[in-house]
Amino acid sequence: MPEPEHSWQVYNLTPYRVLGASLHEALRELGVSEDEKLIEYIVAESPRPELGDYGLPIARFAKKHGLDLQVLVEKTTEKLKRYPHIAGVKRVGGYLNIVIDAAEASRAIFTAVIRDGENYGHVKTDTPLRIVVEHTSANPVHPLHIGHARNAALGDTLARLLRERGHRVQTRFYVDDMGRQVAVLVYGAKLLGEPRIPEGTKPDHWLGLLYALTHTLADIEELKKELGELKRGDNLDKYHEKLRELDELVAAASRLREKAPELFDKLAEAIRGRDPEKEIQEIMRSYEFGEDEEIVKLTRTIVEKCLKGFKQTLQRLGIGFDQWDWESDLVWSSLVRKIIERAKTTPYAITYKGALALNLQPLLKDPVIRQALGVPEGYEVPPLILQRSDGTTLYTTRDIAYSIKKFSDFNADKVYNVIAAEQRLPQLQVRLALIALGYRKEGLNMHHYAYEMVNLPGRKMSGRRGEYVALDELIEQAITRARQEVEKRSPHLPPEEKKKIAEAVGIAAIRYTLVSVSAPKPMTFDIEEALNFEQNSAPYILYTHARAANILAKARERGLQINIDNIDYTAANENPLRRKLVLQLLNYPYIFAKAADELKPELIVNYLNKLADTFNKWYTSGDSAINELDPGKRNYKLALVQAVKTVTANALRILGIKPLERM
RNA sequence: GGGCCCGUAGCUCAGCCAGGAUAGAGCGCCGGCCUCCUAAGCCGGUGGUCGGGGGUUCAAAUCCCCCCGGGCCCGCCA
């Protein structure tokens, strides 16, 4: 990846860096040291233009270190004055404010934009690492839905951010084919005599239906059995509770029957009078030990088909993986067995409820571990059972083996697991278990990137009952809606291009929405809102990009290429909107680096939206680039448009969104 | 019972970790702007006890404590 060296110069001119470095240096000369990052955090935009462009509450540093405020201000001002793009420094109350010379700032930005092009702004880290990002990893039993989409969008964006930041990144998808869920699906398939997936049906959708049918019918059988036993007992409350549960199940079943009456009836008949729970467990056991070749083959085939559906969906979103890891491979390759053996030799091994387990509590006495894993003092972590009484392993046990594999395969320094927040405890247990087994470095460097659930307004989702909106359907809706918009707004475009634009816009709208809410917040995904193509949406950003592209295309048509040697930079300060744009453009490299280092894709989203706002205001203000008669000023404006276009395109690419030249 | 996360405008969200200047967007609602580089745009208006209470501080949406509301987790499930 080419080094965007000119972007570094811009990075170091951002208000954060300039104020941070200057104050840091001034303090040092006054004999105190202060974390430069901490100063950078505190730098803020001025609330009112008359105060300056950016400011810093400097008084608190004077107070903190017992320094004379006036002396500190003077020293810092002296340092700031060395930067050619700092036009003024003023103190207002306890604040030190700077005024930026947009002309000088533009000079640096335009040079870097032209030289670094599509790498502009993506400054490389000083400490490149090898990083694994595991994400999505959905159970291969039904199609991906909106929750998986948040995971996928976050994971893919993180991977892109880290790559652009200069890390070596590998993405992985964990195929959980040994879980109970797959066993349920396989059970259903077996009962139906290994049915073929009908032509023209997406495999994951059909399997999702079969899964829901099997799960629901099996649950009904189980519940009936439980009720039969309760009747003879005397617990009336419990009996009525179960009865209500059964009612709900039957209701869910009848909804499912409407979707596929024949399949439903066939399966219902096949399952009647059987012991599904026992048989499903037997499938799990047999698969884990690879005893029954037929089960192995059937399971593999089914999961493979489901994954094919996943890949199709993810591909539409522009998401791919470097590696697909099958849980079963891990188990059959004896990696998991080695974990068990190794665990037995550690002092943490205990027998808990008659099963082999790890007592992880003692590890929490180590403050280094607590801190690295974010565990509060006094927290109690339950023992982690590694092996069932029947000799089979548990998901978490296999996850320990997998975690080691993720590090060793890629020789990784760090692993990020993009996994739902509800898995917090098992994720913690895995990390602690790694340490207990002697993989301290791994345990401390594996991170759980937790995200909260996605709610659909007015709906509850359940994979087991087949109640969900498949991501494929959502994508279709988005594209259809985008197509309508394109037809309405750009009827003159060739149909082929209209189709492409609609695809790009629809998908971008979904991705943008999913990463715009910070991960730890539960989010409400309102389809109507995601498909509202107005401000603060991917279509709005794409439109802004297309506008910029259009200006440059029109300029070329008229033979008005940008002449870099004849740019009148004084034009920067003539117009407040041009100035504001320059100030925002200046920050891109810094925002990018922050988003990557803090794993916050939403910073990119917020930045893009603000930049687009300013650009559109400038655009409609009548300060036309093409109609500018003065060549020096015209060149300036065109270069400004070019800078906006480049930054927008680069930032969109991080979000996995392809910029459009027109729409 | 214990723990974690969330609570900011009618709705969806920034800002909180690293306390500072009159709390920001978008949607919605009301009213305007297409002989002029794309109106997926722009301009104006409307709307807030930052869940509640206490504390720390020159300064609290931000830090601490208590409480309320919502979600999640505490399985030989995943």
Side-chain angles (χ1 to χ4, degrees), chain A residues 35 37-42 44 46-48 51 55-57 59-60 63 92-95 97 139 176 178-182 352-357 374-376 378-382 385-390 392-396 398-399 420-426 428 450 452-453 455 457 482 485-486 488-490 505 513 516-518 520-526 528-530 532-544 546-555 558 598 602-603 605-606 609-610 612-613 616-617 619-628 637 641 662-663:
Chain A
D35 182 14
K37 250 330 189 221
L38 183 82
I39 306 172
E40 288 179 22
Y41 289 138
I42 292 161
S46 297
R48 293 188 299 283
L51 298 171
L56 170 81
R60 94 181 199 188
K63 192 184 173 193
V92 182
Y95 275 82
N97 296 317
N139 267 309
D176 177 18
M178 280 207 157
R180 198 189 130 79
Q181 303 196 39
V182 166
Y352 180 68
K353 297 185 187 172
L356 173 67
V375 182
Y379 183 81
E380 284 188 37
V381 59
I385 293 178
L386 295 175
Q387 194 170 34
R388 294 189 188 97
S389 310
D390 68 356
T392 60
T393 52
L394 286 100
Y395 178 84
T396 317
R398 305 187 291 254
D399 205 12
E422 62 191 13
Q423 307 251 15
R424 221 186 165 100
L425 176 60
L428 174 65
E452 274 294 346
M453 288 290 110
N455 306 303
E485 212 67 14
V486 180
K488 193 170 84 194
R489 297 175 192 281
S490 310
V505 168
T513 305
S516 64
V517 178
S518 63
K521 285 207 188 204
M523 74 175 287
T524 304
F525 188 90
D526 187 332
E528 293 306 316
E529 200 157 315
N532 178 348
F533 292 170
E534 295 177 42
Q535 274 195 48
N536 196 9
S537 69
Y540 174 67
I541 310 294
L542 286 168
Y543 183 73
T544 307
R547 253 186 171 171
N550 190 53
I551 295 171
L552 298 171
K554 279 261 160 66
R558 299 188 195 177
E598 296 180 10
E602 69 272 19
L603 295 183
V605 170
N606 294 341
N609 196 44
K610 274 190 197 162
D613 267 353
N616 282 317
K617 285 183 172 75
Y619 178 90
T620 50
S621 73
D623 189 27
S624 169
I626 296 180
N627 298 328
E628 173 64 58
K637 292 190 199 173
V641 174
R662 54 179 187 172
M663 58 191 280

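Order of the sequence lines fixes the chain letters, A, B, ..., with proteins taken first and strands second; residue numbering starts at 1 for each chain.
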- Message: If we ignore hydrogens and angles and just use 3.5 Å, is the side chain of Asp176(A) paired with the main-chain N or O of Asn139(A) as donor and acceptor?
- Response: no
- Rounded to the nearest angstrom, tell me the gap between atom OH in Tyr352(A) and atom P in C74(B). 12 Å
- Query: Looking across every strand, which nucleic acid part, if any, lies under 4.0 Å from Val486(A) by heavy atom: base, sugar-phosphate, or nothing?
  - Reply: base
- Atom NZ of Lys617(A) to atom P of C43(B): distance rounded to whole Å? 4 Å
- Base-contact (B) and sugar-phosphate-only (S) positions in nucleotides 14-19 of chain B, heavy-atom cut-off under 4.0 Å, - elsewhere: S--BBS
- Take the protein atom CG of Asn536(A) and the nucleotide atom C1' of C42(B), then report the distance between them rounded to whole Å. 17 Å
- Can you tell me how far P of C37(B) sits from CZ of Arg547(A), to the nearest Å? 10 Å
- Query: At their closest point, which heavy atom of Ala420(A) faces which heavy atom of Met453(A), and how far apart are they?
  - Reply: CB-CE, 3.5 Å
- Task: Would you state whether a donor and an acceptor, one from the side chain of Ser624(A) and one from the base of C37(B), lie under 3.5 Å apart?
- Result: yes
Give each protein N/O atom lying under 3.5 Å from an N/O atom of nucleotides 66-73 of chain B, with the pair distance.
none

- Task: Give a yes/no answer on whether the side chain of Arg388(A) brings an N or O atom under 4.0 Å of OP1 or OP2 in A78(B).
- Result: yes
- Task: Check the geometry between Tyr95(A) and A21(B) and answer yes if their rings are stacked (centres below 5.5 Å, planes below 30°), otherwise no.
- Result: yes
- Message: What's the gap between G3(B) and C42(B) when it is taken at their P atoms, as a whole Å value?
- Response: 48 Å
- Message: Looking at Glu380(A), I'd like to know if its CD atom is crowded, meaning that more than 12 non-hydrogen atoms belonging to other residues, nucleotides or ligands lie closer than 6.0 Å.
- Response: no
- Query: Rounding to a whole Å, what distance do you find between Arg662(A):CZ and A39(B):C1'?
  - Reply: 19 Å
- Message: Just the rounded figure in Å: distance from P of C5(B) to CG of Leu428(A).
- Response: 13 Å
- Output yes when at least one side-chain N/O atom of Tyr540(A) is less than 4.0 Å from OP1 or OP2 of C42(B), else no. yes
- Starting at atom CG of Asn616(A), determine the distance to atom P of G26(B), rounded to an integer number of angstrom. 12 Å
- Expressed in whole Å, how much space separates the P atoms belonging to C16(B) and G51(B)? 15 Å
- Message: For a quick check of understanding: with a heavy-atom distance under 4.0 Å over all strands, which category does Ala59(A) fall into, base, sugar-phosphate or nothing?
- Response: nothing
Extract from the structure each pairing of a protein N or O with an N or O of nucleotides 27-35 of chain B at less than 3.5 Å, listing the distance.
unit_1, atom_1, unit_2, atom_2, d
C27(B), OP1, Glu534(A), OE1, 3.3
C27(B), O3', Asn532(A), ND2, 3.4

- Which part of the nucleic acid does Asp176(A) contact within heavy-atom distance under 4.0 Å: base, sugar-phosphate only, or nothing? sugar-phosphate
- Of the nucleotides A78(B), C76(B), C36(B), which has the atom closest to the Tyr395(A) side chain? A78(B)
- Task: Starting from P on C11(B), measure out to CE on Met523(A) and report it in whole angstrom.
- Result: 17 Å
- Query: Contact class for Leu386(A) vs. all strands (heavy atom < 4.0 Å): base, sugar-phosphate, or nothing?
  - Reply: nothing
- Message: Checking side-chain polar atoms at under 3.5 Å, does Tyr540(A) have a donor or acceptor matched by the opposite partner on Asp613(A)?
- Response: yes
- Message: Using modelled atom types and a 3.5 Å cut-off, is there a donor and acceptor pairing between side-chain atoms of Asn616(A) and backbone atoms of Ala612(A)?
- Response: yes
- Query: Under 4.0 angstrom, heavy atoms only, what part of the nucleic acid is Pro57(A) near: base, sugar-phosphate, or nothing?
  - Reply: base
- Message: Closest approach to the side chain of Asn609(A), judged atom by atom: which nucleotide of C5(B), A25(B), C77(B) is it?
- Response: A25(B)
- Message: For a quick check of understanding: with a heavy-atom distance under 4.0 Å over all strands, which category does Lys554(A) fall into, base, sugar-phosphate or nothing?
- Response: sugar-phosphate
- Pairing residues for Glu40(A) by the salt bridge (Lys or Arg N to Asp or Glu O under 4.0 Å) criterion, not counting sequence neighbours: Arg17(A), Lys37(A)
- Note on the structure: Under the rule of Watson-Crick or G-U wobble with both distances under 3.5 Å, where | means paired to another strand and [ ] a crossing pair, RNA chain B maps to (((((((..((((......[...))))((((((.......))))))....(((((..]....))))))))))))....
Anything under 3.5 Å between a protein N or O and an N or O of nucleotides 22-24 of chain B, put it in a table, one pair a line.
unit_1, atom_1, unit_2, atom_2, d
U22(B), O4, Arg48(A), NE, 2.6
U22(B), O4, Arg48(A), NH1, 2.9

- Give one of base, sugar-phosphate or nothing for Asp390(A), where a contact means two heavy atoms less than 4.0 Å apart. nothing
- Message: What contact category does Arg558(A) fall into here, base, sugar-phosphate, or nothing, at under 4.0 angstrom with non-hydrogen atoms?
- Response: nothing
- Message: At 4.0 Å (heavy atoms only), tell me whether Asn97(A) reaches a base, stays on the sugar-phosphate, or touches nothing.
- Response: base
- Message: Which is it for C34(B), anti or syn, if anything within 90° of zero counts as syn?
- Response: syn
- With distance as the sole criterion, is a donor-acceptor pair present between the side chains of Ser621(A) and Asp623(A) under 3.5 Å? no
- Query: Across the strands shown, which category fits Val641(A) at heavy-atom distances under 4.0 angstrom: base, sugar-phosphate, nothing?
  - Reply: nothing
